[in-house]
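Just below is one structure, and these are the notes that go with it.
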Amino acid sequence: MAATTSPSTAAAAVWAFAAATCVKFLLVPTYRSTDFDVHRYWLALTHALPARQWYTDASSQWTLDYPPFFAYFSRLLSLPAPIVDASLVSLPVPDAPPSSAYLLYLRLTVAFSDLLLLASVLLLATDARRRQRSFLALVLVLWSPALLAVDHVHFQYNGFLMGLLLLSLHFLEQGKDLAGGVVFAALLCSKHLFLVAAPVYFVYLFRHYCCGRGLLKGLGKLVLMGAGVVAVFAMAFAPFMYYGQMQQLFSRLFPFGRGLFHAYWAPNFWVFYIILDKILAFLLRRLGFNVEIPEGSFTRGLVGDSSPFAVLPKVTPITTFLLVILAMAPCLVKAFINPQPKHIIRWVAYACSCGFMFGWHVHEKASLHFTIPLALIAMDSFDDIRHYFLLSIVSCYSLFPLLFESQEYPIKVLMLLTYGSLMWVGFSSHFAANFAQEGKKVSRSGSLVKKFTGWISLGYLSGMFAIELWSRVFHHRVFGDRLPFLPLMMVSVYCGVGMMYSWMWQLLWIVRHT
């Protein structure tokens, strides 16, 4: 008989979610990015115009570029909006700043949609082996400072989308493969950037759900899974296929002309590719070679239509696609040879890591796609604890440039320090309890640091203070208004080291233990 979530764990998780919700309410008046204007426009667009105009309307720069299920979601959120403020659903969207009611309504839609994340976390309180997950692992998801910053300050709906992903992973962990595949299809129809996890889903479901049960039964399950996925995509895309808008829709979803890099460099492999190109160009010019520096300089963080490298080969979308698949290959092989539900969270998180490290036009916010699932398995072993402690801090710190206004600076620092302290206390207690069971004793803080983080990791994390000190105090005094992108570049490169370490750590763990 399958185990259920214990009432005490469920109640504690609900209280933790309630506490996080109180923090979300406090963040209502904070800075909001242009993503607020984007979703503000989409709310009005999906309410005021018929569906056949959603992907053709170009009256605003904030054109709809998410898949249809997210458009339907925006339409659903718009239904009660006129009761609060009629301008919420009027086109054109007013240029004036939003009213307090207007702002509160949109902020509350994000907080309300997080209920799906809570439901998924409660379901995942029982793991694939019917064991209770640690309460701390659930809190690490619900109190993620990166999620709070991106959704409830910057403004997005990642909590809702991560709830869909975690719900799918819950079904797969519990052996309900058909439901897991269908929910993942719904996620793809809500945000297509999760497509990077599709190879793992395909291989795992094919081997775990369709194979090993005889040819006819396997074919039947393959047809059933295919029918479920096709039905979901049909619900999403059939109306727009009927309108003859599929080419227009896909051009919105996959704008490859935006270039390899986002305005702020995500801390991934391509950061080091850029730096290497800059170093080589500098050295060759010093040696007398005529090396042209491209006009679209990366040092200003601009989104370009190309990848203007001075020395190294130009990177194309197909190049990044092949690199992602190549990086993912060991995981796909493992999932094909031994498709175990207990490993599915780790495999999907690794696939998202590959997309983040080697993908095209990666946003820094995409680190949520693997840090949130990895929080659920952070307590599985001491190695997982050490890895997650480093990764979560690096991931959160890499998002600091998103909240660039002075009044938000104490907020993002406090959220990171609070989360870091929570991990330190929780993980340390976990260590102490396990050592006590083994008859060992940890009495020195130095011994704890060595076993918990290691001096190298602690030194690396301490380096972030130096980066912050330079960015906040010394950069302007040394360079004035010159090199405005240097502090951002330093954050990207420094966090890129931690992200590369995390990707390699995950790869080695999967190769050795799955």
Side-chain angles (χ1 to χ4, degrees), residues 32-58 60-81 88-89 91 93 105-117 119-120 147 150-152 154-168 182-198 201 229 231-243 245-246 248-255 258 352 355 361-363 365-366 368-369 372:
R32 53 194 181 273
S33 72
T34 53
D35 281 338
F36 177 88
D37 300 313
V38 170
H39 290 285
R40 177 187 182 186
Y41 179 73
W42 292 358
L43 203 74
L45 172 74
T46 54
H47 188 277
L49 297 181
R52 65 175 177 273
Q53 296 183 40
W54 290 355
Y55 289 97
T56 58
D57 176 78
S60 167
Q61 61 178 317
W62 314 122
T63 52
L64 180 60
D65 58 4
Y66 272 27
F69 273 4
F70 197 91
Y72 303 154
F73 174 66
S74 294
R75 167 68 178 173
L76 181 66
L77 296 179
S78 75
L79 295 179
L88 272 164
V89 291
L91 285 179
V93 173
Y105 180 80
L106 282 174
R107 290 289 197 190
L108 288 179
T109 62
V110 182
F112 175 77
S113 66
D114 283 347
L115 287 171
L116 179 58
L117 179 66
S120 300
L147 196 57
V150 171
D151 278 12
H152 301 280
H154 185 80
F155 198 90
Q156 284 192 345
Y157 291 88
N158 289 287
F160 168 72
L161 296 167
M162 293 307 304
L164 276 176
L165 177 64
L166 296 188
L167 180 61
S168 172
V182 168
V183 172
F184 181 68
L187 174 63
L188 293 183
C189 293
S190 301
K191 188 168 184 177
H192 52 300
L193 298 184
F194 287 96
L195 194 62
V196 70
Y201 268 84
V229 171
V232 171
F233 275 85
M235 285 189 287
F237 291 96
F240 305 97
M241 188 177 295
Y242 174 78
Y243 299 138
Q245 296 177 0
M246 291 303 292
Q248 169 68 15
L249 194 157
F250 279 103
S251 70
R252 290 275 185 92
L253 298 185
F254 302 101
R258 287 183 179 177
C352 293
H361 197 74
V362 173
H363 288 227
K365 300 179 285 289
L368 290 169
H369 299 173
I372 296 296

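Source: prediction; values computed, not measured.
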Would you tell me whether Asp35 and Gln156 have side-chain atoms, one donor and one acceptor, within less than 3.5 Å of each other? yes

For the residue pair Tyr201 / Ser168, report whether a side-chain donor-acceptor contact shorter than 3.5 Å exists. yes

Report the C-alpha separation of Lys191 and Tyr66 in whole Å, then their side-chain angles, then the decisive distance to 0.1 Å, and conclude whether the side chain to side chain contact (heavy atoms under 4.5 Å, CB included) test is met. CA-CA 6 Å; Lys191 188 168 184 177; Tyr66 272 27; 3.3 Å; yes

Closest contact, heavy atoms only, Leu188 versus Pro67: O-CG, 3.5 Å

In this structure, is the centre-to-centre distance between the rings of His154 and His152 below 6.0 Å? no

Does the side chain of Ser33 reach to within under 4.5 Å of the side chain of Val38, using non-hydrogen atoms? no

If you round to the nearest 0.5 Å, how far is OH of Tyr55 from CG of Leu49? 13.0 Å

Result for ring-ring contact (aromatic ring centres under 6.0 Å, His included) between His39 and one of Tyr157, Tyr105, Phe160 points to Tyr157

Tell me if a side-chain donor or acceptor on Arg75 pairs with a main-chain N or O of Leu43 at a distance below 3.5 Å. no

So that I know where these two stand, are His192 and Phe254 an aromatic pair - ring centroids less than 6.0 Å apart? yes

Using modelled atom types and a 3.5 Å cut-off, is there a donor and acceptor pairing between side-chain atoms of Gln245 and backbone atoms of Thr56? no

Polar side-chain atom of Asp151 near backbone of Gly159 as donor-acceptor pair, under 3.5 Å: yes

Main chain of Trp62, side chain of Trp42: is a donor-acceptor contact present, judged purely on distance under 3.5 Å? yes

Shortest non-hydrogen pair, Val196 vs Cys352, comes out as CG1-CA, 4.0 Å

Going through the distances and angles, do Asp57 and Tyr41 end up as a side chain to side chain contact (heavy atoms under 4.5 Å, CB included)? CA-CA 11 Å; Asp57 176 78; Tyr41 179 73; 2.2 Å; yes

4.5 Å side-chain heavy-atom contact, Cys189 and Phe237: yes

Here the pair of heavy atoms bringing Ala234 nearest to Pro239 is O-CD, 4.1 Å

Find the distance between CG (Asp114) and CG (Leu108) and round it off to the nearest 0.5 Å. 11.5 Å

Gly355 and Val362: which non-hydrogen atoms are nearest, and at how many Å? O-CG2, 3.6 Å

Would you give the length of the straight line joining atom CE of Met246 to atom CZ of Phe240, rounded to the nearest 0.5 angstrom? 9.5 Å

Pro50 vs Tyr243 side-chain heavy atoms within contact, under 4.5 Å: no

Ser190 side chain to Phe69 backbone, donor-acceptor under 3.5 Å: no

Let me confirm one number: the CZ-CZ distance from Arg32 to Phe155, rounded to the nearest 0.5 Å. 10.0 Å

What distance separates Ser113 OG from Leu115 CG, expressed to the nearest 0.5 Å? 8.0 Å

Can you list the steps and then say if Phe73 with Thr46 is a side chain to side chain contact (heavy atoms under 4.5 Å, CB included)? CA-CA 9 Å; Phe73 174 66; Thr46 54; over 6 Å; no

I need the Leu117 CG to Leu161 CG distance, nearest 0.5 Å. 10.5 Å

Might you point out which heavy atoms bring Ala236 and Tyr72 nearest each other, and give the distance in Å? O-OH, 3.0 Å

Check step by step if side chain to side chain contact (heavy atoms under 4.5 Å, CB included) holds for Leu79 and Val89. CA-CA 9 Å; Leu79 295 179; Val89 291; over 6 Å; no

Looking at Arg252 and Leu64, would you say the former's side chain and the latter's main chain have a donor-acceptor pair under 3.5 Å? yes

